[in-house]
Amino acid sequence: MDLMGLQLLLPLKLSHHLEEVFMVLSRREFTRLASVGVASQLLPKLHAQPSSDRTIGYAMVGLGRISMGHFMPGLRDAKQSKLTGLVSGHRDKAEKNAAEYGVPAAAIYSYENFDTIRDNKAIDAVYIALPNSMHAEYTIRAAKAGKHVLCEKPMATSVDDCKAMIDACRSANVKLMIAYRCQLEPTNLRAIQLIRDGSLGTVQAIESANGFNIGADWRLNKKLAGGGPLMDMGVYSLNATRYLTGEEPQILSASSSVIDKDGRFDTVEENVGWTMRFPSGIVASCNTTYGAGMDGYYRVHGSKGAMTVETAFAYQGQRLLAQFRGGQKLDEPNPAKDPSQFTRQADYFAGCVLNNTEPKMDGQEGLRDIQYVAEIYKSCGIAF
Ligand code: NAD
C-alpha cells in the first residue's frame with residue numbers, strides 16, 4: 001500500500017500527520033514501514049515534526065569527521081534545518097567550509113568568542129561534535145547563550161556533567177537532544193516493531209557487539225574520551241538493548257582487558273564485555289573493542305523467532321534478517337545512503353524546537369546510558 005492508499009483509510013487529521021512523516025522518511029522507507037505497521041507506531045512522534053515552513057539554523061561546534069563528513073552534508077537535503085554558523089579552532093578550515101556552505105564570515109566563531117553566538121539570530125541551535133569531555137562545557141555555554149543543543153554521544157564523561165547539562169538547558173529553556181541517530185533509523189524502528197507487535201514472541205535474550213581496530217586518536221586519551229571503546233562504540237549496544245526491550249537494566253556485570261601492550265591502551269581499556277538483566281527477565285550480553293574490526297550488530301532471541309540486525313549502527317547498510325518458528329523468513333536490506341540518517345536527525349530536532357516538543361533522545365536518555373557506563377566501569381574495577 002502506498003501513501004495515498006494509507007490516507008484513504010485514515011481520518012483527515014491523521015492523514016495530514018502521515019504527510020509529515022513522509023517528509024522525514026523517503027517514500028520507499030515509509031511504504032515498507034507502513035506495510036509492516038511501523039508507520040502507526042511513528043504517529044505519536046509526529047508532534048516532533050515541523051508544523052511550519054520555518055527552518056532551524058545550526059552552528060557546528062567542532063569541524064571533524066562527524067560534522068564535516070556527515071552532519072553538514074546531511075543538512076544539504078534537510079527540509080527544516082540549515083547551516084548558519086561554524087565554531088572552530090582552525091580559522092582556515094572554517095573559512096573553507098563557510099564558502100562551501102554559504103555561511104557568512106561573520107558567523108565563524110572560535111572557542112574563545114563562542115559565547116557571542118548569543119547575538120546571532122540566524123543561529124537557533126548548535127551541534128556539538130567535539131571530543132567527549134568537551135560536550136558538557138559547550139552544551140552549558142550554548143544554553144547560556146540561549147541556543148538549543150544537539151550534542152553528540154556519549155553525552156559526557158561523568159554523571160555529574162550530564163546532570164549539569166540537563167540543568168543548564170532547563171534553566172535556559174532550551175531543548176537538549178543527544179545524537180542517538182539509530183533511534184530514528186528505519187531498520188532499527190522495524191526491529192523494535194517486530195518485538196512490540198509480538199512477532200518474535202517472548203524475548204529471552206539479546207547479543208550485541210560494536211567496535212573497531214583503532215589508530216592514533218584523541219579517543220585513546222582518557223582525559224578527552226572518558227574511557228575506551230565502551231564510551232565510543234559500546235554505548236550503541238547499550239542504548240540498543242534499552243530501545244529494543246523498552247526496559248532499563250536492573251543488574252549489570254562486566255569485565256575488561258588490554259591484550260595489545262603497544263602503548264595505545266595506556267589510559268583506556270581495549271575490550272569490555274558486559275551482561276545485563278532487565279526487569280522482564282530478558283538477559284543481554286555485549287562486547288566492544290578497540291583491538292579488532294567488529295561490525296555493529298544485535299541478535300534478539302524470542303520464543304517465536306530470532307532476528308539479527310547487521311551493520312545496525314553504521315551510517316548506512318542496515319540489514320534485518322529474521323527466522324520465525326513456522327519457517328517464515330525476512331531479509332530486509334535498507335538501501336538508504338549516508339548521510340540520510342543525519343538529515344533525518346537534524347530535521348527531527350528542528351521539529352522539536354519549532355513545535356516545542358521534547359525529543360525522545362533527551363538529556364535524561366543520555367544520562368541513563370552514562371549511569372550504566374559508570375556501573376559497567378565500576379564492575380570492571382576501572383575509575384570513571
Ligand atoms: P574528530 O577527531 O574527527 O573531530 C573532533 C573535532 O574536535 C575536531 O574538529 C577537532 O579540531 C576538535 N577539537 C577541539 N579541541 C580538541 C582537542 N583538545 N583534541 C582533539 N580535537 C579537538 O572526532 P569525531 O569522530 O568527529 O567525533 C566527535 C564527537 O562525535 C565524539 O563525541 C564522537 O563520539 C561523536 N561521534 C558520533 C558519531 C555518530 O555516528 N553519532 C560518529 C562519530 C563520532
Side-chain angles (χ1 to χ4, degrees), residues 132 153-163 178 180 182-183 188 191-192 195 200 202-214 219-220 222 225-261 264-292 294-303 306-309 312-313 364-384:
N132 308 338
K153 49 53 59 181
M155 183 170 175
T157 50
S158 74
V159 167
D160 285 349
D161 275 0
C162 294
K163 289 180 176 167
I178 309 306
Y180 286 124
C182 296
Q183 292 202 30
N188 281 273
I192 294 169
I195 295 172
L200 290 180
T202 306
V203 174
Q204 307 289 346
I206 301 174
E207 292 121 36
S208 182
N210 196 29
F212 68 102
N213 201 339
I214 199 167
R219 286 169 171 79
L220 295 171
K222 189 170 181 179
L230 179 62
M231 290 293 281
D232 191 38
M233 304 301 280
V235 77
Y236 286 92
S237 294
L238 173 59
N239 196 251
T241 60
R242 295 179 47 238
Y243 60 72
L244 290 169
T245 59
E247 299 180 31
E248 299 300 329
Q250 270 180 328
I251 301 174
L252 294 101
S253 77
S255 50
S256 68
S257 68
V258 174
I259 295 172
D260 294 303
K261 309 281 191 296
R264 285 181 296 169
F265 305 108
D266 288 350
T267 67
V268 301
E269 80 279 359
E270 183 174 19
N271 302 299
V272 184
W274 74 101
T275 58
M276 292 174 282
R277 199 192 77 185
F278 291 84
S280 63
I282 296 173
V283 289
S285 56
C286 304
N287 292 315
T288 185
T289 186
Y290 269 164
M294 190 187 253
D295 275 351
Y297 82 97
Y298 49 78
R299 186 162 171 78
V300 182
H301 305 267
S303 57
M307 163 179 76
T308 304
V309 175
F313 313 121
Q364 292 295 338
E365 174 72 358
L367 164 64
R368 276 187 207 108
D369 275 343
I370 296 302
Q371 285 171 326
Y372 301 131
V373 161
E375 282 188 53
I376 291 168
Y377 277 133
K378 191 173 168 197
S379 178
C380 295
I382 293 175
F384 178 68

So, Thr289 side chain and Gly291 main chain: donor-acceptor pair closer than 3.5 Å or not? yes
Modelled atom types, side-chain donor and acceptor of Thr275 and Ser285, under 3.5 Å: no
Indicate the atoms forming the closest heavy-atom contact of Asn239 with Glu365, along with that distance. ND2-OE2, 3.1 Å
Is Met155 close to Asp369 at the side-chain level, that is, under 4.5 Å between some pair of heavy atoms? no
How close do Ala191 and Val309 get, counting heavy atoms only, and between which atoms? CB-CG2, 4.0 Å
Taking the side chain from Thr288 and the backbone from Val272, do they hold a donor-acceptor pair closer than 3.5 Å? no
Would a distance-only check, ignoring hydrogens and angles, find a side-chain to backbone donor-acceptor pair under 3.5 Å from Asn287 to Ala209? no
Just so I know, are the side chains of Ile195 and Met307 near enough to count as touching, which here means a heavy-atom distance under 4.5 Å? yes
Can a donor-acceptor pair be found, under 3.5 Å and without considering hydrogens, that links the side chain of Gln250 to the backbone of Arg277? no
Can you name the residues that form a side chain to side chain contact (heavy atoms under 4.5 Å, CB included) with Thr267, not counting sequence neighbours? Lys222
Test item: Ser379 side-chain N/O and Ala254 main-chain N/O as donor-acceptor pair under 3.5 Å: yes
Sole candidate of Asp232, Asn213, Asn271 that passes side chain to side chain donor-acceptor pair (under 3.5 Å) when paired with Tyr290: Asp232
Parallel, tilted or perpendicular: which describes the rings of Phe313 and Tyr236, with under 30° parallel and over 60° perpendicular? tilted
Glu270 side-chain N/O to Arg264 backbone N/O, donor-acceptor pair under 3.5 Å: no
Which residues share a side chain to side chain contact (heavy atoms under 4.5 Å, CB included) with Thr245, sequence neighbours left out: Ile206, Glu247, Phe278, Ile282
Indicate the atoms forming the closest heavy-atom contact of Pro154 with Met231, along with that distance. CG-O, 3.3 Å
Nearest heavy atoms of Ile178 and Gly366, plus distance in Å: CG1-CA, 4.0 Å
Using the rule given for side chain to side chain contact (heavy atoms under 4.5 Å, CB included), can you reason through Phe384 versus Ile376, listing the C-alpha separation, both sets of side-chain angles and the distance that settles it, and then say yes or no? CA-CA 10 Å; Phe384 178 68; Ile376 291 168; over 6 Å; no
